[in-house]
Amino acid sequence: MDTFANNPAVTYARYIAACNERRFNDLSEFIATDVEGVRSGFGGYRDGLRDITVAFPDFNWQIEELIVEGLSMAARLTDTGTHHGGFGGIAPTGRHVRIQELAVYRIDNDGKIARCWGDLEAALRSELLTGEV
């Protein structure tokens, strides 16, 4: 099986496909149990992604660029979706958003995401509140 350690581009495409297909429980193939980030632990990480798709039922991640250096990866994504549920204290607006997302990952020795730094939630909030990212 491909992992981020041995085939990062293929594995990342499979990870994004699982997110777009809402197969969040399958993400344990890609995410470490003790992942750190905005929401830590596998459950927190998974629930954070799920919360976005509840607020934006048609949310879609599209890979624009992936840079890999050793056990670090950086991804630039274009994200789109329509705001139909509460998100970050913002009531549904019905607005369609299109944002650029930057995510930086650290891969562990098992080839899974162990740390994720990203601007997704902040970029979405900014877009909904100001129309600017």
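The analysis underlying the following values was restricted to heavy atoms, covering all of them including side chains, and did not include hydrogens, waters or symmetry mates.
- In terms of heavy-atom proximity, L120 sits nearest to W61 at CD2-NE1, 3.9 Å.
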- Under the side-chain contact (heavy atoms from CB on, under 4.5 Å) rule, what do L27 and C19 come out as? Steps first, then yes or no, please. CA-CA 8 Å; L27 294 181; C19 291; 4.3 Å; yes
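- Considering only residues two or more places apart in sequence or on other chains, D108 meets the salt bridge (charged side-chain N to carboxylate O under 4.0 Å, His left out) condition with none of them.
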- Message: Working note: R115 + Y105, criterion side-chain contact (heavy atoms from CB on, under 4.5 Å); need CA distance, chi angles, decisive distance, verdict.
- Response: CA-CA 6 Å; R115 180 126 175 112; Y105 305 95; over 6 Å; no
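- Residues Y12 and M73 have side chains in contact (heavy-atom distance under 4.5 Å, counting atoms from C-beta outward).
- Aromatic ring centroids of Y45 and F42 lie 6.0 Å or more apart.
- Taking hydrophobic clusters as Ile, Leu, Val, Met, Phe, Trp and Tyr residues chained together by side-chain heavy-atom distances below 4.5 Å, V54 does not share a cluster with V97.
- When all heavy atoms are compared, the tightest approach of P92 to G86 is CG-N, 3.8 Å.
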- Message: side-chain hydrogen bond (donor to acceptor under 3.5 Å, both in side chains), that's the test. Do E64 and T78 meet it? Break it down for me.
- Response: CA-CA 7 Å; E64 300 295 343; T78 297; 2.9 Å; yes
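- For the residue pair T82/D58, the side-chain donor-acceptor check at 3.5 Å is satisfied.
- Separating the CD1 atom in I31 from the OG atom in S28 is a distance of 9.0 Å, to the nearest 0.5 Å.
- Checked by atom type and distance alone, the side chain of R76 never pairs as donor or acceptor with a backbone atom of A74 at under 3.5 Å.
- Classified by interplanar angle (parallel below 30°, tilted 30° to 60°, perpendicular above 60°), the ring pair F87/H83 is perpendicular.
- Each of V104 and V68 belongs to its own hydrophobic cluster when Ile, Leu, Val, Met, Phe, Trp and Tyr are linked at side-chain heavy-atom distances under 4.5 angstrom.
- Taking each heavy atom of I63 and A13 in turn, the nearest pair found is CD1-CA, 3.9 Å.
- Distance CZ/R125 to OG1/T130: 12.0 Å, rounded to 0.5 Å.
- Of all the heavy atoms in A9 and L66, the pair that sits closest is CA-CD2, 3.7 Å.
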- Query: Between R39 and D51, is a side-chain contact (heavy atoms from CB on, under 4.5 Å) present by the stated rule, with each step listed?
  - Reply: CA-CA 12 Å; R39 297 186 188 191; D51 289 350; 2.6 Å; yes
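- Rounded to the nearest 0.5 Å, atoms CG (L71) and CG (N109) are 6.5 Å apart.
- Interatomic distance, CG of L129 versus OG1 of T93, reported as 9.5 Å (0.5 Å rounding).
- Between the side chain of S126 and the main chain of A122, no donor-acceptor pair closer than 3.5 Å is present.
- Across K112 and F4, no two heavy atoms sit closer than the pair CA-CD1, 4.3 Å.
- For the atom pair CZ (F59) and CZ (R50), the distance works out to 15.5 Å, reported to the nearest 0.5 Å.
- For the atom pair F30 CZ and I113 CD1, the distance stands at 8.5 Å (nearest 0.5 Å).
- Checked by atom type and distance alone, the side chain of D34 never pairs as donor or acceptor with a backbone atom of G41 at under 3.5 Å.
- Using a 4.5 Å heavy-atom cutoff, the side chains of N60 and D79 are not in contact.
- Taking 4.5 Å as the limit, every side-chain heavy atom of L77 sits out of range of all side-chain heavy atoms of Q100.
- By the 4.5 Å heavy-atom criterion applied to side chains, W117 and V38 are not counted as neighbours.
- Checked for salt-bridge contact, E127 and R95 meet the test: a charged N lies under 4.0 Å from a carboxylate O.
- R22 places a side-chain heavy atom less than 4.5 Å from the side chain of T53.
- Under the 3.5 Å distance criterion, with hydrogens and angles disregarded, a donor-acceptor pair is assigned to the side chains of S72 and R106.
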